[in-house]
There are 2 protein chains.
Amino acid sequence: MDKVITEDMGAFSHHYPRVAAVVTAQARGRDNAMAVAWHTFISFKPPLYGVSISPKRFTYQLIVDSKEFGVNFLPFAKAELVASVGGSKGYEIDKFQRFNIARDKPVKTAVPILKVAYAAYECKLVDDKLYGDHRWLVGEIVAVHLLKEAFTPEETLDLEKVSPILYLGHELYVTTSKDVRCFDREVYGKR
Amino acid sequence: MDKVITEDMGAFSHHYPRVAAVVTAQARGRDNAMAVAWHTFISFKPPLYGVSISPKRFTYQLIVDSKEFGVNFLPFAKAELVASVGGSKGYEIDKFQRFNIARDKPVKTAVPILKVAYAAYECKLVDDKLYGDHRWLVGEIVAVHLLKEAFTPEETLDLEKVSPILYLGHELYVTTSKDVRCFDREVYGKR
């Protein structure tokens, strides 16, 4: 099997799949939600979460104003909702109203938390930096909303209970297989 | 189903699963490889990839020295190798030798590219910033290595050909389901 080497980056979907999350924000009397795939946890102490967002997005404006954002993780059955908030513009419509999105109350911020989320982070903005064509927004996680039944006692996602939304690129979505395997790095690192 | 709200962050595995990648680097006459789960693409123009790494890691030292790194995506059949490079220390052993890791030649950098990778990026370091207890390393992707058969004509991963490695936290790994679904945001955003 031969490999191709290229500097033509194309659509750049090779790094997918990634969990599709919904980033939420509020300011100016408006709530908004957007779909994101470019995001990651980046520090334990303090707990920091980073999200890459285009500065053109309405959500970005709300985050800059309020210095807060939410990160919501939804079950696969709600992948259509991710596509809906991803394909509509907060400048034009109230997505919460249009898509009938129910909210949980935040506790440390004013960001909307999605009721359908099996996990959600409330974040206080600690950095906002331009990298290329996107802003890198880093938030300190100040509260965690968890659907307890969705997780094992070790706090890993229980795939018998919840199937996460994985974005593959090009409007394609999958979820996880059910066969969880353990490869303990302490064991495998000493082979 | 009730939700729990907490400020006790625990093990922080709620945001998983994530594709487990292998970051590679070379300097001082040494090659090294480490497992990462905290990484994301962050910009199209220029194409930028970010990786969160502890400054204690040998790989971090090599990246600082060489200003280059590689990001390698492996098939699920190689999840053991991810655990092996994740559970061993480049300060102590030559992981490429110990785990018998075959290399492809890089074209724009000197970073080792893993032959078993179905996709790999060669990156030139453009930023190195401390966020909490990890360094946020941003690299411009200057070359892409692709196993062409692993991708559809649209450059999304062909899950009939390759199963990606998804890390769930706590040494647990899964892969994707096979049932790919399309939720076109242009359609769902206009419902």
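What you see below is based on every heavy atom in this structure, not just the backbone, and it leaves out hydrogens, waters and symmetry mates. In what follows, every chain begins at residue 1, and chains take the letters A, B, ... in the order their sequences are listed.
- Residue B/V23 is not grouped with residue B/I113 when hydrophobic side chains (ILVMFWY) are merged at heavy-atom distances under 4.5 angstrom, including chains of intermediate members.
- For A/K190, the NZ atom is densely surrounded, since the number of other residues' heavy atoms within 6.0 Å is greater than 12.
- Heavy-atom distances place the side chain of B/L159, and not its backbone, under 4.5 Å from chain A.
- Contacts with chain B were tallied for A/F73, A/F151, A/W136; A/W136 has the most, counting heavy-atom pairs under 4.5 Å.
- At a 4.5 Å heavy-atom cutoff, A/R135 makes no contact with chain B through either its backbone or its side chain.
- Minimum interatomic distance between A/H14 and B/Y118 (heavy atoms only, all atoms of both residues): O-CE1, 4.2 Å.
- Between A/I42 atom CD1 and B/I53 atom CD1 the span is 13.0 Å, to the nearest 0.5 Å.
- A pairwise comparison of heavy atoms in B/L157 and A/Y16 identifies CD2-O, 4.1 Å as the closest pair.
- Both the backbone and the side chain of A/F41 come within less than 4.5 Å of a heavy atom in chain B.
- Remark: A/K148 NZ is loosely packed, at most 12 non-hydrogen atoms of other residues, nucleotides or ligands lying under 6.0 Å away.
- Both the backbone and the side chain of B/Y173 come within contact range of chain A, judged by heavy atoms closer than 4.5 Å.
- Contacts with chain B were tallied for A/E122, A/E186, A/K115; A/K115 has the most, counting heavy-atom pairs under 4.5 Å.
- Using a 4.5 Å cut-off between heavy atoms, B/R181 contacts chain A through both its backbone and its side chain.
- When heavy atoms are compared at a cutoff of 4.5 Å, A/S52 approaches chain B solely by way of its side chain, counted from C-beta outward.
- Between B/F99 and A/R191, the shortest heavy-atom distance links the atoms CE2-O, 4.3 Å.
- Looking at B/K129, the atoms closer than 4.5 Å to chain A (heavy atoms on both sides) all sit in the side chain, from C-beta outward.
- Under a 3.5 Å cut-off, the side chain of B/E171 and the backbone N or O of A/R185 do form a donor-acceptor pair.
- For chain B, no part of A/A150 is nearby; none of its heavy atoms comes within less than 4.5 Å.
- Around CG of A/D179, the count of heavy atoms belonging to other residues, nucleotides or ligands within 6.0 Å exceeds 12.
- Checked against a 6.0 Å centroid threshold, the rings of A/Y121 and B/F12 count as neighbours.
- Residue A/V138 touches chain B through its side chain alone, counting heavy-atom pairs closer than 4.5 Å.
- For A/H170 (side chain) and B/T156 (main-chain N/O), no donor-acceptor pair under 3.5 Å exists by modelled atom type.
- For B/K3 against A/V116, the heavy-atom pair with the smallest separation is NZ-N, 4.5 Å.
- Each of B/V111 and B/F58 belongs to its own hydrophobic cluster when Ile, Leu, Val, Met, Phe, Trp and Tyr are linked at side-chain heavy-atom distances under 4.5 angstrom.
- In this structure, chain B has a heavy atom under 4.5 Å from the side chain of A/A119, while its backbone stays farther away.
- Heavy-atom minimum distance, A/L48 versus B/G132: CD1-N, 3.6 Å.
- With a threshold of 4.5 angstrom between heavy atoms, A/P17 approaches chain B through its backbone and through its side chain.
- The aromatic rings of B/Y49 and A/H15 lie perpendicular to each other, with more than 60° between the two planes, well past the 30° mark.
- Remark: side-chain polar atoms of B/S177 are paired, donor with acceptor, to backbone N or O of A/T175 under 3.5 angstrom.
- Criterion: ILVMFWY side-chain heavy atoms under 4.5 Å apart, direct or through other members. Under it, B/L125 and B/V144 are part of a common hydrophobic cluster.
- Between A/A37 and B/T40 the shortest heavy-atom distance is O-OG1, 4.3 Å.
- When heavy atoms are compared at a cutoff of 4.5 Å, A/L166 approaches chain B solely by way of its side chain, counted from C-beta outward.
- Distance check, rounded to the nearest 0.5 Å: CD1 of A/I165 to CZ of B/F183 gives 8.5 Å.
- One hydrophobic cluster, built from ILVMFWY side chains closer than 4.5 Å, holds both B/V36 and B/F69.
- Surrounding NZ of A/K178 are more than 12 heavy atoms belonging to other residues, nucleotides or ligands, all under 6.0 Å away.
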